[in-house]
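Written below as structure tokens is the structure these notes are about.
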Amino acid sequence: MSSSNKLTFTVQPGGKLQGHLRVPGDKSISHRSIMLGSLAEGVTEVSGFLEGEDSLATLECFRSLGVKIEGPTQGRVTIHGVGLHGLKPPSGPLDLGNSGTSMRLLAGLFSGQAFDVTMSGDASLSKRPMRRVTEPLALMGARVETTAEGTPPLKVHGGQSLRGIDYVMPVASAQVKSCLLLAGLYAEGSTCVTEPAPTRDHTERMLRGFGYPVKVEGATACVEPGGQLTATRIDVPADISSATFFMVGAAIAPGSDVTLQHVGINPTRIGVINILREMGADLEMSNEREVGGEPVADIRVRHRPLRGIRIPEDQVPLAIDEFPALFVAAACAEGETVLTGAEELRVKESDRIQVMADGLIALGVDARPTDDGMVIQGGPMGSATVQSHGDHRIAMSFAMAALRASGAITIEDCANVNTSFPGFVELAAGAGLKIQQR
Ligand code: S3P
């Protein structure tokens, strides 16, 4: 472990959040902009790109595959697309760091190439389940090896002829859906993926933005091979998952009033808004517009006391990355909050049910983890040292908890905040959070 992995946040209690803030670009859209821009014919210009470690891992990966990419410079990236069949074999294994999205989507994309690719990742990614993509890819005729446990590294054997499948996903996962649609660009016949509940649809939207037809009927998305992607411009909105920390911070801290600017409000991502509103939060959207096929808005959040709720299960996939922060909101709410149907949280960058419960309990909160969620009684929070387990969203959630704690919160192992939110400490401190890092 390098010394940078030892980064610690110390957050003094109290304070409030204020100001107009723009959080960094959407991680999911940033990954896809590099992938599709590389496979397109012509030059794609991206603005608002997330310069975080995860999306930069995807960018470096395509450079290793022979794609000329300029930037990022202040969020601007220029991608000289090589076409669907123009990628070159990399000179060695690709290291995707902490990024599950890169690995799962690229497993599909690489299955359609003529060459072999090996992908590895950091300690967290090396524990994450990959059979959810390798099994359906095998049904398409792909050959992707994992460890005996079904975890990375992944070795993707190129030169296979893929055939389209009709796949009904057992879990609601945008990563699995996207992986299969990308493999489908290279398969014979149509590839259709049916999801058990709506998940983020950035891949479908962006394929269309590049002029590649995607047929969506109800819960099923289908692609046919033989099309081509045509270079385009992409304006990446601010990431609603990063905005979430400020939305929750402002909702729980008396006197707060923040406006998050240019936030992506794709209907498959707004679970956090729906859940916070049901808890009684004062959230106001303005300046709603559409930018490059994705809806965006400014979101103003002012403090108002929250109440505990039973979180509707249909909101779970729409807020899947927001639960660490929502657990903090629940701890600050009046009454009980119950989450069920969220077992996926156990296989994210950390086991987000256990790790959040451990931290909340250390802070004196009555938090009871269950197999598929948590039961939290709102109440006072004290002071503690909590472990983020290298999970960016856990670190940022406990940082916001300090706004309502009676003593300082120290959060260990915070370097991975840079995977999704470079500049978090500076932005949060500027808005009023009493945060320091060392
Ligand atoms: C993502 C999909 C989600 C999400 C992840 C990003 C994507 O994962 O948790 O942070 O960009 O497709 P799952 O598809 O595994 O739920």
Side-chain angles (χ1 to χ4, degrees), residues 24-36 49-50 52-55 57-58 96-109 121 124-125 127-136 150-152 167 169-183 193-207 219 221 236-237 239-245 264 266 268-272 294 313-326 341-353 372 391-394 396-397 416-417 419-421:
D26 187 278
K27 183 153 75 74
S28 294
I29 298 175
S30 294
H31 282 300
R32 288 156 172 84
S33 71
I34 299 291
M35 294 178 191
L36 299 190
F49 182 77
L50 168 65
E53 287 165 10
D54 278 13
S55 39
T58 294
L96 299 169
N98 195 245
S99 180
T101 307
S102 309
M103 189 171 283
R104 295 207 180 108
L105 269 59
L106 292 176
L109 201 163
S124 154
L125 182 51
K127 284 194 231 140
R128 297 184 67 186
M130 291 296 149
R131 286 202 180 110
R132 56 181 60 199
V133 290
T134 60
E135 286 177 359
T151 52
Y167 189 66
M169 290 195 294
V171 281
S173 166
Q175 293 181 350
V176 176
K177 173 176 65 174
S178 302
C179 164
L180 300 179
L181 293 177
L182 291 173
V193 189
T194 302
E195 48 190 12
T199 67
R200 64 191 70 193
D201 64 356
H202 305 300
T203 302
E204 299 91 302
R205 284 175 188 253
M206 201 183 287
L207 277 168
V236 181
D239 197 327
I240 190 168
S241 298
S242 297
T244 289
F245 304 107
N266 179 312
T268 60
R269 295 287 297 282
I270 58 166
V272 61
E294 291 279 351
E313 287 197 5
D314 63 358
Q315 295 300 311
V316 170
L318 310 182
I320 193 66
D321 291 337
E322 283 59 87
F323 286 103
L326 285 168
E343 56 277 359
E344 274 294 297
L345 295 180
R346 293 201 177 269
V347 291
K348 292 294 180 186
E349 286 83 328
S350 69
D351 176 344
R352 288 181 172 161
I353 293 176
D372 66 343
D391 185 329
H392 53 142
R393 301 200 198 281
I394 303 280
M396 292 184 274
S397 299
N416 279 338
V417 164
T419 60
S420 67
F421 203 147

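Below, all heavy atoms of this structure are taken into account, side chains as well, without hydrogens, waters or symmetry copies. Numbers for residues simply follow the sequence, beginning at 1. Counting starts at 1 for both ligands and their atoms, in listed order.
By the 4.0 Å N-to-carboxylate-O rule, R352 lies close enough to D391 to be salt-bridged with it. For the pair D239 and K27, the salt-bridge criterion is not met [side-chain N within less than 4.0 Å of a carboxylate O].
Scanning all protein heavy atoms for the shortest distance to atom 11 (O) of ligand 1 gives S28 OG, 2.7 Å. At the shortest separation from atom 6 (C) of ligand 1 among protein heavy atoms lies T101 OG1, 3.4 Å.
In summary, the atoms of ligand 1 found under 4.0 Å from a heavy atom of S173, numbered by their order in the structure, are 13 (P), 14 (O), 15 (O). Ligand-side atoms of ligand 1 in range of I320: 9 (O), range being under 4.0 angstrom from any heavy atom.
A pairwise comparison of heavy atoms in S397 and R393 identifies OG-O, 2.6 Å as the closest pair. Considering every non-hydrogen atom in both H202 and D26, the closest pair reads NE2-OD1, 4.4 Å.
Between the CG atom in L125 and the OG1 atom in T151 there is a gap of 9.5 Å [rounded to 0.5 Å]. In this structure, CZ in R32 is found 5.0 Å from CG in L105, a value given to the nearest 0.5 Å.
Heavy-atom distances between D321 and ligand 1 reach below 4.0 Å in at least one pair. Judged by the shortest distance from any of its heavy atoms, H202 lies outside the 4.0 Å radius around the atoms of ligand 1. Using a 4.0 Å heavy-atom cutoff, K348 is listed among the residues neighbouring ligand 1.
Contacts between R32 and ligand 1 below 4.0 angstrom, taking non-hydrogen atoms only, involve the side chain exclusively.
Considering backbone and side-chain atoms alike, A174 places an N or O below 3.5 Å from some N or O of ligand 1. The shortest N/O to N/O separation between Q175 and ligand 1 falls below 3.5 Å.
Here the rule is side chain to side chain donor-acceptor pair (under 3.5 Å) with K177, and of T203, D201, T199 only T199 fits it.
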